[in-house]
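I have placed the structure first, in the form of structure tokens, so that the comments after it can refer back to it.
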Amino acid sequence: GSLDEVFGLRSANGEVLTRLGLNRLKRRDGDKPVFLFIFYMDPHWEFVPPAPYDRKYSQDGRLPPIGIWKKKANEVPQEMRARTVDAYDAEIAFCDHAVSNLISQIAASPRGDKTIFAVMGDHGEGFWERGYGSHGNNLYDDELAVPLIIRPPRGDGSYKPGAVVKGTVGAIDVAPTILDLAGVGIPDVWEGISRKSLLRGGTVADAKVVSETRIAPEQGWMRSVRTNRWKIIAVEPFESPCEVYDLVADPGETHNLADGQGGLPSGIEDLVPLLKPLGDK
């Protein structure tokens, strides 16, 4: 839900965060390394895009009702779903403008050529396709697939601008990749690995990405393992998957291949142990 409801806090919009970030950099010595993390909250509930973005996708500028994300699918007409998606898209466009402003100003500064830029979404969003609005209700790609863009420092020219990487990587790999690009050692206890080599383009063939959610009380604790082909999902105690999807044949994750009798498709046996949290046996 909104930060107001969940934490009793209010969030600044993207333009304000960009200004604060740029001001912070101006106060730092230009020769010293600095790490700047900005969490843009605009494409989060409630969707209230500022003008003129409120009319970017909606001609009348009418926004969805506050709290609509709490309603079940049968309570939200198709017209209101469409209006909610329009408001979400408008928030993304506004956030894109704010992030672009941040990047362009840093890139034009003395720090620009040495700066690593990493832009990543924190989660996707559900719009009642599976019965619920908001996020955290499931571990389908609707909510797990997020944008990830990394621009390394402009250096020897060996990186390929605009390279699109095929295959699956996890958010757990972002921090090791940034440290590797910065020439900083990666702690041995970290599970993620550097993906620096992929910034020249390529395909990830071997990644096994683990995700989990505990947000929805009615669902309980859920964990998933995803590869380029398979997605398996389990609930506590994570002995065996309750859902299995062949993402090549069924990218929409609509046909569950788990039969409930313990029978599993060939090729996922080595994924099942990864459903257990670390420390569990």
Side-chain angles (χ1 to χ4, degrees), residues 12-44 91-124 141 143-211 226-228:
N13 73 25
E15 284 187 339
V16 173
L17 287 177
T18 289
R19 186 172 69 248
L20 291 172
L22 292 170
N23 288 342
R24 176 63 61 88
L25 290 178
K26 289 176 183 177
R27 295 198 300 269
R28 298 297 295 266
D29 188 319
D31 293 330
K32 292 183 178 180
V34 60
F35 175 75
L36 178 66
F37 175 80
I38 301 182
F39 192 171
Y40 290 89
M41 288 294 296
D42 303 280
H44 286 75
E91 289 276 34
I92 292 173
F94 171 67
C95 189
D96 180 70
H97 164 74
V99 172
S100 297
N101 187 28
L102 177 82
I103 291 174
S104 62
Q105 292 203 47
I106 295 175
S109 74
R111 291 184 180 275
D113 287 347
K114 299 179 181 179
T115 299
I116 302 164
F117 294 101
V119 180
M120 183 177 68
D122 61 329
H123 55 75
D141 276 9
E143 299 185 21
L144 295 187
V146 296
L148 172 60
I149 304 169
I150 298 178
R151 198 214 78 173
R154 293 174 181 159
D156 59 13
S158 64
Y159 295 108
K160 182 182 178 183
V164 176
V165 175
K166 296 181 179 180
T168 301
V169 298
I172 198 170
D173 296 332
V174 175
T177 302
I178 293 173
L179 290 189
D180 197 7
L181 286 168
V184 178
I186 301 169
D188 292 338
V189 295
W190 283 16
E191 292 180 71
I193 63 174
S194 172
R195 299 291 184 178
K196 183 174 73 170
S197 63
L198 293 174
L199 298 180
R200 296 177 175 86
T203 299
V204 185
D206 57 349
K208 299 177 180 66
V209 178
V210 178
S211 304
R226 191 200 197 283
T227 67
N228 290 342

Next item on the list: Taking all heavy atoms of Val146 and all of Asp122, pick out the closest pair and write down the distance.
Entry: CG1-C, 4.2 Å
Notebook entry, point to check: Which atom pair, heavy atoms only, marks the closest approach of Ala175 to Trp190?
Noted result: CB-CZ3, 3.6 Å
Note to self: Nearest 0.5 Å, please: how far is CD1 in Ile106 from CG in Leu25?
What the structure shows: 5.0 Å
Notebook entry, point to check: So, does Asn228 use its side chain to make a donor-acceptor pair with the main chain of Thr168 at under 3.5 Å?
Noted result: yes
Note to self: For Val169 and Leu198: C-alpha separation, side-chain torsions, deciding distance, then whether side-chain contact (heavy atoms from CB on, under 4.5 Å) applies.
What the structure shows: CA-CA 10 Å; Val169 298; Leu198 293 174; 4.2 Å; yes
Check: Looking at Pro33 and Arg28, what are the two nearest heavy atoms and their distance?
Finding: O-NH2, 4.1 Å
Next item on the list: List for me each residue that meets salt bridge (charged side-chain N to carboxylate O under 4.0 Å, His left out) alongside Asp173, sequence neighbours excluded, and say none if there are none.
Entry: Arg195
Check: Looking only at heavy atoms, what is the nearest atom pair of Gly112 and Arg151, with distance?
Finding: O-NH2, 3.0 Å
Next item on the list: Locate the shortest heavy-atom distance separating Ser211 from Leu144; write the atom from each residue and the value.
Entry: OG-CD1, 3.7 Å
Note to self: So, taking the atom named CG in Leu102 and the one named CD1 in Ile38, what distance separates them when rounded to the nearest 0.5 Å?
What the structure shows: 4.5 Å
Next item on the list: Please list, chain by chain and in numerical order, all residues satisfying side chain to side chain contact (heavy atoms under 4.5 Å, CB included) with Ala93, sequence neighbours excluded.
Entry: Tyr53, Lys56, Tyr57
Checklist line | Heavy-atom pair of closest approach, residues Ile116 and Ala182 | finding: CD1-N, 3.9 Å
Notebook entry, point to check: Which pairs count as salt bridge (Lys or Arg N to Asp or Glu O under 4.0 Å) when at least one residue sits in residues 176-193, sequence neighbours excluded?
Noted result: Asp180-Lys196
Next item on the list: Output the distance between atom CD1 (Ile193) and atom CD1 (Ile186), rounded to the nearest 0.5 Å.
Entry: 9.0 Å
Item checked: Residues Arg226, Asp141; criterion side-chain contact (heavy atoms from CB on, under 4.5 Å); working and verdict -> CA-CA 9 Å; Arg226 191 200 197 283; Asp141 276 9; 2.7 Å; yes
Check: When you measure from the side chain of Arg200 to the backbone N and O of Ala163, does any donor-acceptor pair fall under 3.5 Å?
Finding: no
Next item on the list: Mind running side-chain contact (heavy atoms from CB on, under 4.5 Å) on Thr18 and Tyr40 for me, showing each step along the way?
Entry: CA-CA 9 Å; Thr18 289; Tyr40 290 89; 2.7 Å; yes
Margin query: Using modelled atom types and a 3.5 Å cut-off, is there a donor and acceptor pairing between side-chain atoms of Asn101 and backbone atoms of His97?
Written below: no
Next item on the list: Would you please test Leu181 and Leu199 for side-chain contact (heavy atoms from CB on, under 4.5 Å) and show each step?
Entry: CA-CA 10 Å; Leu181 286 168; Leu199 298 180; 3.8 Å; yes
Note to self: Given 3.5 Å as the limit, does a donor-acceptor pair link the side chain of Ser109 with the main chain of Arg111, or not?
What the structure shows: yes
Note to self: If I take atom NE2 from residue His44 and atom NE2 from residue His123, how far apart are they, to the nearest 0.5 angstrom?
What the structure shows: 3.5 Å
